[in-house]
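Encoded as structure tokens, the structure appears first; notes follow it.
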Number of protein chains: 2
Amino acid sequence: MPYDPSAFPPFAVTVDLVVLTVRRHALCALAVRRGEPPFQGRWALPGGFVRADEDLAQAAARELAEETGLRAHDPAVPAQDNGAHLEQLATYGDPKRDPRMRVVSVAHLALAPDLPAPRAGGDASNARWAPVEELLQQSGYGRDGEPVAPLAFDHAQILSDGVERARSKIEYSSLATAFCPPEFTVGELRRVYEAVWGVALDPRNFHRKVTGTPGFLVPTGGTTTRQGGRPAQLFRAGGATLLNPPMLRPEV
Amino acid sequence: MPYDPSAFPPFAVTVDLVVLTVRRHALCALAVRRGEPPFQGRWALPGGFVRADEDLAQAAARELAEETGLRAHDPAVPAQDNGAHLEQLATYGDPKRDPRMRVVSVAHLALAPDLPAPRAGGDASNARWAPVEELLQQSGYGRDGEPVAPLAFDHAQILSDGVERARSKIEYSSLATAFCPPEFTVGELRRVYEAVWGVALDPRNFHRKVTGTPGFLVPTGGTTTRQGGRPAQLFRAGGATLLNPPMLRPEV
DNA sequence: GTGTTTATCGTCAGGCAGACGACTATGATC
DNA sequence: GATCATAGTCGTCTGCCTGACGATAAACAC
């Protein structure tokens, strides 16, 4: 296999983003409406071309900032300030995935706390947070009554892979804290797990588990009552990235 | 972000392969010697350009067949015949990773049982199985006395990521059977775990664990004595891909 | 105050994992 | 053939973790 610089076909390389957050007890993803063909008017994942002098992670962080205003975090450091967690997800390169040309897309997964309304180049009507089940269903009507069409390109597959990655990764890592504000309560963290997994968890066992896992949570000393009921302790994410023992998703 | 077909920089897209196997109680990877610059004479991971009409997985399977003669398996089906497990690992796209041009490499991970000697275009001296620690160390001498140089490009990083993926994935999936021949004993499977993790496991607890995990192993009825000692039962890989409960890697 | 909501602590039984003893079945050696 | 070394398989015991769930604490709404 000689390495002939003229012997390789040219590809376009893009990054696509699966940006997840938890809003109103539901796992939501960021979707943007396409302004031109193909798939004009359909919802899609945000993304764009990788520039000539840009690393893949840089391109993903730039797109994330353009779409949400979020700063991306170094993956080595767990979420501590307002930065979002960003990691590479997978790469999609079916020759027919874009009808215009050969495009290889390096999908990335971003996790963010509940945020102000999204912006897409300043045009809010072209970007929204939508529950992932709504984006993944093939047809029907969303809860706002608007008819649902499948996501553009292979973005349903990418979103599905991103959701599955998030679901499994919060089991054995402290990633669920990336969905929370810098300070949060055990109850808020529990509602994150419940929304991402789509199950109900026992508050007492959950509390014992997360407070007993070394390095997961650090008490800040403060308390809050923003959920109603008895005031709850506030925590920050601890230094641990890998949880031992892991959080176990209930049997299916 | 208008989609202007002339507005994207062209990239070369390659697949690189981390092919792992277990030989003589050590985790080994396939390395090929580079025949031309850059990094001429250095060891590298096998790989090559993705063709214009080819999916990424197809390209990886083709390269795997060219280098080892192995047929790749559909990832949805666990290893049952002689096919190797093949899955996408990650994508590497640093602008400077190849000094000649902008190359994005989609790395794949392949797991194979112990095989006859590798072939690289018919030239055996240009391909070899080497223990991963030997390939990852920065300098020194291999056990054959040959001086060691770091792998070409960013292949040390890719190999390291692939090894880490394999180490963690055999915990919660039945992937370790991909390192075994179609029929194998509990002891052979244990030696796979020991080689990949680099630890010693208690044979009695290991036996209880794997035979007690539903869907992991299916007895074939036969026995073998190829390891010496008392004859051992032969098993095939069961249908389960996700292990519940998982195999736990001993604490570090 | 009473009821409601959420947070937090405790108890108990079942299951799994690590440590390790005991026994079995083969080939190698004397 | 007796003995030994090697490897495989079955049990036992103890401690830890988990899930189920009772009980108490501290806020707010009326």
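Lettering of chains follows the sequences in order, A, B, ..., and the numbering in each one begins at 1. As a basis for the values below, the full set of heavy atoms in this structure was taken, side chains included, without hydrogen atoms, waters or symmetry mates.
In this structure, B:Phe206 CZ and B:Leu201 CG are separated by 6.5 Å, a value rounded to the nearest 0.5 Å. Distance check: B:Leu70 CG to B:Thr21 OG1 gives 9.0 Å after rounding to the nearest 0.5 Å.
Straight-line distance from the CG atom of A:Asn205 to the C1' atom of C:dA13: 13 Å, rounded to whole Å. Distance, B:Arg208 CZ to C:dC16 P: 10 Å, rounded to whole Å. Atom-to-atom, CZ of B:Arg249 to C1' of C:dA17 comes out at 17 Å; the value is rounded to the nearest Å. Counting to the nearest Å, the P atom of C:dG27 and the CZ atom of B:Arg230 are 14 Å from each other. Separating the CG atom of B:Asn244 from the C1' atom of C:dG15 is a distance of 13 Å, rounded to the nearest angstrom. The nearest whole Å value for the distance from the CG atom in B:Leu201 to the C1' atom in C:dA17 is 13 Å.
Residue contacts for B:Arg190: at a heavy-atom cut-off of 4.0 Å it reaches the sugar-phosphate backbone alone, with no base atom in range.
Side-chain N/O atoms of A:Arg191 include one lying less than 4.0 angstrom from OP1 or OP2 on C:dA7. The side chain of B:Lys209 contributes an N or O atom lying less than 4.0 Å from OP1 or OP2 of C:dA17. Taking only side-chain nitrogens and oxygens, A:His207 comes nearer than 4.0 Å to OP1 or OP2 of C:dT8.
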- Message: Walk me through whether A:Glu134 and A:Arg128 qualify under salt bridge (charged side-chain N to carboxylate O under 4.0 Å, His left out).
- Response: CA-CA 12 Å; A:Glu134 193 175 313; A:Arg128 63 164 183 157; 3.4 Å; yes
- Verdict with supporting geometry, A:Trp129 and A:Val19, side chain to side chain contact (heavy atoms under 4.5 Å, CB included): CA-CA 9 Å; A:Trp129 294 106; A:Val19 190; 3.8 Å; yes
- Which is it for A:Glu171 and A:Arg249 under the salt bridge (charged side-chain N to carboxylate O under 4.0 Å, His left out) test, yes or no, and what are the steps along the way? CA-CA 7 Å; A:Glu171 274 192 283; A:Arg249 190 166 8 173; 3.5 Å; yes
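Along DNA chain D, read 5' to 3', the first and last nucleotides having any atom under 4.0 Å from a heavy atom of chain A are D:dT18 to D:dA27.
Neither side chain, B:Asn244 nor B:Tyr172, offers a donor N or O lying under 3.5 Å from an acceptor on the other. Side-chain contact check for A:Gln157 and A:His155: no donor-acceptor pair (N or O, by modelled atom type) lies under 3.5 Å.
The side chain of A:Thr185 approaches C:dA7 more closely than any other nucleotide in the set C:dA19, C:dT8, C:dA7.
Looking at which nucleotide of DNA chain D each of B:Gln233 and A:Pro245 is closest to, the 5′-most match is held by B:Gln233. Mapping A:Asp202 and A:Gly228 onto DNA chain D by nearest heavy atom places A:Asp202 closer to the 5' end of the strand.
Side-chain to base pairing of B:Arg204 with C:dG21: one donor and one acceptor N or O lie within less than 3.5 Å of each other.
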